[in-house]
Amino acid sequence: MHVSDTRPVCSTVAAVAVVTADVATIRALRDAAAPPGAPEAPARFLRHADEHTGVAFRAVQEALAGAPALAAARRGHGVVGAPCAAGRPWSARTLVQLRDAGPVTVSPHVVPHCSLHSIAAAVRVGLGLHGPSIGVGGGPEALAEGCLAALSLLAERGVDACWLVATAWDTAPLLDDRGELPPDAVCRAVAVALDPAAAGSTRLVLRGAAAPPIAAPARAETGGEALARFAAALDPARRRDAPRDGGCDGCLWSVHLPWGGVVGSDHDVQAARGRRAA
């Protein structure tokens with residue numbers, strides 16, 4: 001994909017859902033029924049899922065529950081999973097088990113369920129999507145890298161829509177000496193369906209290097225802070241009165257990419273006016 005300095009690459013946000021869950025809630029979500037109108041996962045599909053995968057899968061289900069057209073036409077949907085610090089608790093527990101009791105106690109499930117691609121693969125397989133799936137990020141820049149990858153994936157042949165599913169701990173949890181999470185640890189997932197053909201006025205936009213630069217923040221955002229700000233910008237109840245981001249003309253939210261581009265979410269005023277006139 002080539003990003004022009006003058007023509008932004010954009011897609012309509014067709015559906016959004018945000019899920020936040022503490023440790024006990026995450027465990028319950030692994031066996032919970034899907035929200036009404038959303039497709040069910042196969043039985044026991046999330047039994048071994050990492051915390052981030054469990055919350056991410058639920059977020060996609062909730063977004064589908066509010067978007068019947070998306071739920072009915074999933075064949076050409078791709079998935080980009082963008083986790084920040086996923087898989088660490090399970091990896092820590094695995095190392096403790098290996099040290100204390102040897103290799104026989106180590107679960108083979110740690111490999112597929114704690115990889116960078118675990119979220120995207122679980123959403124694709126569990127919900128019967130047929131488009132490509134990929135995991136990006138892994139660290140504090142996961143959200144920005146996920147937005148870039150999702151908009152790029154939409155340019156691929158056969159990809160009608162793309163799910164961007166970003167996850168992060170609200171605050172990086174401190175594990176105990178057994179690798180266990182504290183009960184108040186909270187994981188957040190934001191699932192965004194990007195569909196260029198969908199009706200809607202909220203867009204995800206990628207602008208090239210000619211976009212105005214964003215002043216460096218006093219300190220870098222954590223993955224949890226970045227994801228919470230992204231979720232707030234996509235919240236319909238807060239969108240009308242939310243302040244515009246100074247680093248991206250007209251954007252409610254934006255993030256600067258290392259090569260000079262800017263990804264942001266904005267409100268397509270012309271599209272909204274056209275629907276009201278119709």
Side-chain angles (χ1 to χ4, degrees), residues 8-21 35 38 52 55-67 69-71 77-84 119 123 136-137 140-151 153-154 161-170 186-207 214 221-257 262-269 271-272 275:
V9 176
C10 63
S11 176
T12 301
V13 174
V16 179
V18 180
V19 171
T20 57
H52 286 239
V55 178
F57 196 92
R58 184 68 177 193
V60 176
Q61 285 182 312
E62 292 194 2
L64 285 170
L70 284 172
H77 291 191
V79 187
V80 171
C84 175
I119 289 174
V123 171
V136 300
E141 302 299 324
L143 178 57
E145 294 170 14
C147 290
L148 177 59
L151 287 169
L153 202 61
L154 286 170
C162 183
W163 286 94
L164 168 62
V165 193
T167 63
W169 297 104
D170 276 7
V186 173
C187 189
R188 182 187 302 263
V190 180
V192 179
L194 299 174
D195 183 353
S201 56
T202 301
R203 306 182 303 175
L204 196 65
V205 182
L206 171 62
R207 291 178 169 87
I214 297 177
E221 284 185 316
T222 66
E225 290 170 337
L227 195 56
R229 191 164 62 90
F230 182 54
L234 296 174
D235 183 352
R238 304 172 65 174
R239 198 175 296 149
R240 181 186 298 273
D241 300 321
R244 293 306 191 255
D245 191 316
C248 175
D249 185 24
C251 289
L252 298 169
W253 165 89
S254 70
V255 62
H256 189 249
L257 301 172
V262 176
V263 174
S265 67
D266 70 7
H267 194 66
D268 188 345
V269 177
R275 280 191 299 279

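Heavy atoms only: backbone and side chains are in, while hydrogens, waters and symmetry mates are out.
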(request) List for me each residue that meets side-chain contact (heavy atoms from CB on, under 4.5 Å) alongside A71, sequence neighbours excluded, and say none if there are none. (result) L64
(request) State, to 0.1 Å, how close A63 and V16 come at their nearest heavy-atom pair, and which atoms those are. (result) CB-C, 4.1 Å
(message) To the closest 0.5 Å, what do you measure between OG (S11) and CG (L164)?
(response) 10.5 Å
(request) Begin with the C-alpha distance, continue with both residues' side-chain angles, and end with the deciding distance and a verdict on side chain to side chain contact (heavy atoms under 4.5 Å, CB included) for W163 and V192. (result) CA-CA 6 Å; W163 286 94; V192 179; over 6 Å; no
(request) Check whether any side-chain heavy atom of C84 sits under 4.5 Å from a side-chain heavy atom of L227, and report yes or no. (result) no
(request) Verify the neighbour count for atom CD of E145: are there more than 12 heavy atoms of other residues, nucleotides or ligands below 6.0 Å? (result) yes
(request) Locate the shortest heavy-atom distance separating A82 from A142; write the atom from each residue and the value. (result) CB-O, 3.4 Å
(request) Carefully, step by step, assess V165 and V60 under the rule side chain to side chain contact (heavy atoms under 4.5 Å, CB included). (result) CA-CA 8 Å; V165 193; V60 176; 3.7 Å; yes
(request) Any chance you could measure L204, atom CG, to L151, atom CG, to the nearest 0.5 Å? (result) 4.5 Å
(message) What's the separation between atom SG in C187 and atom NE2 in H52, rounded to the nearest 0.5 Å?
(response) 4.0 Å
(message) Could you work out, with side-chain contact (heavy atoms from CB on, under 4.5 Å) as the rule, every residue matching A149, not counting sequence neighbours?
(response) V80, V136
(message) If you define the side chain from C-beta out and look only at heavy atoms, does anything of V79 sit under 4.5 Å from V123?
(response) yes
(message) Would you call the rings of W253 and F230 parallel, tilted or perpendicular, taking 30° and 60° as the class edges?
(response) tilted
(request) Over all heavy atoms of both residues, which pair between T12 and A198 is shortest? Give the atoms and the distance, please. (result) OG1-O, 3.5 Å
(request) I would like to know whether S265 and L234 meet side chain to side chain contact (heavy atoms under 4.5 Å, CB included); could you show each step before the answer? (result) CA-CA 8 Å; S265 67; L234 296 174; 4.2 Å; yes
(request) Test side chain to side chain contact (heavy atoms under 4.5 Å, CB included) on L148 and L206 and set out the steps. (result) CA-CA 7 Å; L148 177 59; L206 171 62; 3.5 Å; yes
(request) Check whether any side-chain N or O of E225 sits under 3.5 Å from a backbone N or O of T222 as a donor-acceptor pair, and report yes or no. (result) yes
(request) Could you tell me whether the side chain of V13 reaches within less than 4.5 Å of the side chain of R203, counting heavy atoms only? (result) no
(request) For residues A59 and V19, report the shortest heavy-atom separation together with the two atoms involved. (result) CA-CG2, 3.7 Å
(message) Please check: side-chain N/O of T167 versus main-chain N/O of A189, any donor-acceptor pairing under 3.5 Å?
(response) no
(request) Over all heavy atoms of both residues, which pair between G81 and I119 is shortest? Give the atoms and the distance, please. (result) CA-CG2, 4.2 Å
(message) For H77 versus L70, what's the shortest heavy-atom pair and its separation?
(response) CE1-CD2, 3.6 Å
(message) Just verifying a value: how many Å separate D170 CG and R188 CZ, rounded to the nearest 0.5 Å?
(response) 4.0 Å
(message) Please report the interatomic distance CZ(R229) to CG(L143), rounded to the nearest 0.5 Å.
(response) 8.5 Å
